[in-house]
Amino acid sequence: MTQDKIKQLVAMVGGFLGALLLALQGVGIQFTWFNQEAIDLWMQVLMTGIPLAFAFYGIWKNTFLVTKKARVQEDELKKQGLK
């Protein structure tokens, strides 16, 4: 997933939360903790958390220490001189 796609995803979530805030305010329901500032803060968390999760997944997926199958594959690559 590219950085642009991640930004689009976060913008979509933020847009939904903003619309939800307006809809709730329209029917007279207000929460003091659910405001535009809180939505912006959560969008920042998503903007940093999603790329971090993808990075950790990539690191986990590409290491040969996680599973027994991966260690066997690493040994085979070493035998073939590919690693």
Is there side-chain contact between [X] and [Y], with at least one heavy-atom pair below 4.5 Å?
| X | Y | value |
| --- | --- | --- |
| I59 | Y57 | no |
| F34 | I39 | yes |
| Q44 | L41 | no |
| L24 | F31 | yes |

How about Q80: does its CD atom have over 12 heavy atoms from other parts shown lying under 6.0 Å from it? yes
Gap separating the CG atom of N35 from the CD atom of Q25, nearest 0.5 angstrom: 9.0 Å
d(L46 CG, L17 CG) to nearest 0.5 Å is 8.5 Å
Mind checking whether [X] and [Y] sit in one hydrophobic cluster, side chains of I, L, V, M, F, W, Y counted as touching below 4.5 Å?
| X | Y | result |
| --- | --- | --- |
| M43 | I50 | yes |
| M12 | L21 | yes |
| M47 | L52 | no |

Would you check if there is a donor-acceptor pair between the side chains of D40 and Q36 at a distance under 3.5 Å? yes
Quick one: do K78 and E74 satisfy side-chain contact (heavy atoms from CB on, under 4.5 Å)? Show the steps, please. CA-CA 6 Å; K78 285 180 181 177; E74 182 182 28; 3.9 Å; yes
Closest non-hydrogen atom pair, V45 against T48: O-OG1, 3.1 Å
